[in-house]
Amino acid sequence: GAEELTLTSYFSKNQIKALKPKITFSTLRDLQCPVLESRELQGKAEESCSAEELFEWLGAVSNQVSLDNRSSSFLSTYCCPEPSTVVEKAFLCTITGFIIPEKIIQLLEQLCCYFGEPKLAYWLTLTVHGFADSPVSWRENEHGFHKGGENLYNFVIFRNLDYWLQMAVGTNDDCPP
């Protein structure tokens, strides 16, 4: 007869252990950044960039895509939206793993410390990606993978503690309330 395998015997045989999230840091020097105004979500000609332009720029920066619009580049001819400013030093921290909502709130609170003295940061962002192949998406509904498995949100927090919340979901997924 076939031997029945219980869940506990499977896990004890395979020595399941808790995995700590992987953290990587990088410093980006002389980074061209969009100029943002907290009360101008749509941007303002020659004064500030829109939330949509920022979202696209963040994707390029986090994937280390060149922003100099070279025609010889086979990867991308993307360039930073205007108006922009060059930031001498920017920090990029990536945490990979399963992170509970309480830890995300702690991260947000710690990030806001960058607005303390000396007041160096004008704005900062925190992006949270769900797994592309996660079985659920927003509102505990089934997550449709289809092409990209989009399942993320992004906080943009300003020095005055105004913030934008951007969300991206797949085509057949429900949007959050």
Side-chain angles (χ1 to χ4, degrees), residues 7-8 10-29 31 33-34 36-39 41 49-65 67 80 87-177:
L7 199 57
T8 51
Y10 176 81
F11 282 119
S12 62
K13 283 180 185 175
N14 291 286
Q15 299 175 352
I16 299 300
K17 60 182 178 183
L19 296 175
K20 292 183 179 178
K22 178 185 172 188
I23 303 174
T24 57
F25 293 97
S26 56
T27 302
L28 309 172
R29 299 201 179 271
L31 179 65
C33 295
L36 304 178
E37 172 54 53
S38 65
R39 298 182 190 277
L41 271 169
C49 296
S50 70
E52 190 175 332
E53 288 173 314
L54 170 74
F55 199 62
E56 188 174 43
W57 175 85
L58 277 173
V61 170
S62 62
N63 287 291
Q64 300 177 350
V65 172
L67 305 177
C80 183
V87 174
E88 183 184 328
K89 196 188 305 186
F91 297 105
L92 178 62
C93 173
T94 304
I95 304 172
T96 306
F98 185 79
I99 303 164
I100 60 175
E102 290 80 5
K103 291 291 182 191
I104 293 169
I105 292 167
Q106 282 182 357
L107 279 170
L108 274 172
E109 289 170 350
Q110 290 174 356
L111 283 170
C112 287
C113 292
Y114 277 93
F115 296 129
E117 296 296 336
K119 293 183 184 268
L120 298 175
Y122 291 99
W123 52 268
L124 54 87
T125 66
L126 173 68
T127 305
V128 180
H129 287 265
F131 296 106
D133 56 355
S134 173
V136 294
S137 185
W138 301 100
R139 296 184 185 166
E140 298 179 5
N141 287 323
E142 186 176 342
H143 179 199
F145 184 86
H146 296 282
K147 293 184 180 175
E150 297 84 2
N151 184 18
L152 65 100
Y153 60 91
N154 180 61
F155 280 102
V156 183
I157 306 158
F158 295 90
R159 188 184 282 176
N160 63 1
L161 299 185
D162 282 353
Y163 70 92
W164 297 345
L165 176 58
Q166 300 168 301
M167 301 179 185
V169 295
T171 310
N172 292 342
D173 290 339
D174 279 344
C175 270

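Every value quoted in this text rests on a predicted model; they were computed, and no experiment measured them.
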Next on the checklist: Quick check for you: to the nearest 0.5 Å, what is the distance between Met167 atom CE and Leu152 atom CG?
Outcome noted: 10.5 Å

Next on the checklist: Within the structure provided, determine whether Leu108 and Gln110 are in side-chain contact (heavy-atom separation under 4.5 Å).
Outcome noted: no

Checklist entry - If you round to the nearest 0.5 Å, how far is CG of Leu92 from CG of Leu28? => result 5.5 Å

Item to check | Contact summary for Glu52 and Gln166, nearest pair of heavy atoms | outcome: N-NE2, 4.4 Å

Item to check | Close side-chain approach of Cys93 and Ile23, heavy atoms under 4.5 Å | outcome: yes

Checklist entry - If you round to the nearest 0.5 Å, how far is CG of Leu41 from OG of Ser50? => result 9.0 Å

Next on the checklist: Using the ring-ring contact (aromatic ring centres under 6.0 Å, His included) definition, which of the options Phe115, Phe155, Tyr153 pairs with Tyr163?
Outcome noted: Phe155

Checklist entry - Do Val128 and Asn154 have side-chain heavy atoms sitting under 4.5 Å apart? => result no

Checklist outcome for this item: So CG of Leu111 and CZ of Phe91: to nearest 0.5 Å the spacing works out to 12.5 Å

Checklist entry - Does any N or O in the side chain of Glu53 come within less than 3.5 Å of the main-chain N or O of Pro34, such that one atom is a donor and the other an acceptor? => result no

Checklist entry - Side chain of Asn160, backbone of Asp162: donor and acceptor closer than 3.5 Å? => result yes

Checklist entry - Checking side-chain contact (heavy atoms from CB on, under 4.5 Å) for the pair Leu126/Val156: CA distance, chi angles, key distance, verdict? => result CA-CA 7 Å; Leu126 173 68; Val156 183; over 6 Å; no

Checklist entry - Should the pair Trp57 and Trp123 be assigned to parallel (<30°), tilted (30 to 60°) or perpendicular (>60°) ring geometry? => result perpendicular

Checklist entry - Centre of Tyr122's six-membered ring, under 6.0 Å away, within 45 degrees of the axis: is that where NZ or CZ of Arg159 sits? => result yes

Next on the checklist: What's the separation between atom SG in Cys112 and atom CD1 in Ile157, rounded to the nearest 0.5 Å?
Outcome noted: 4.5 Å

Checklist entry - Rounded to the nearest 0.5 Å, how far does CD1 of Ile99 lie from NE2 of His129? => result 11.0 Å

Next on the checklist: Is it the case that the side chain of Trp164 and the backbone of Ser38 share a donor-acceptor pair, with hydrogens and angles ignored and the cut-off at 3.5 Å?
Outcome noted: yes

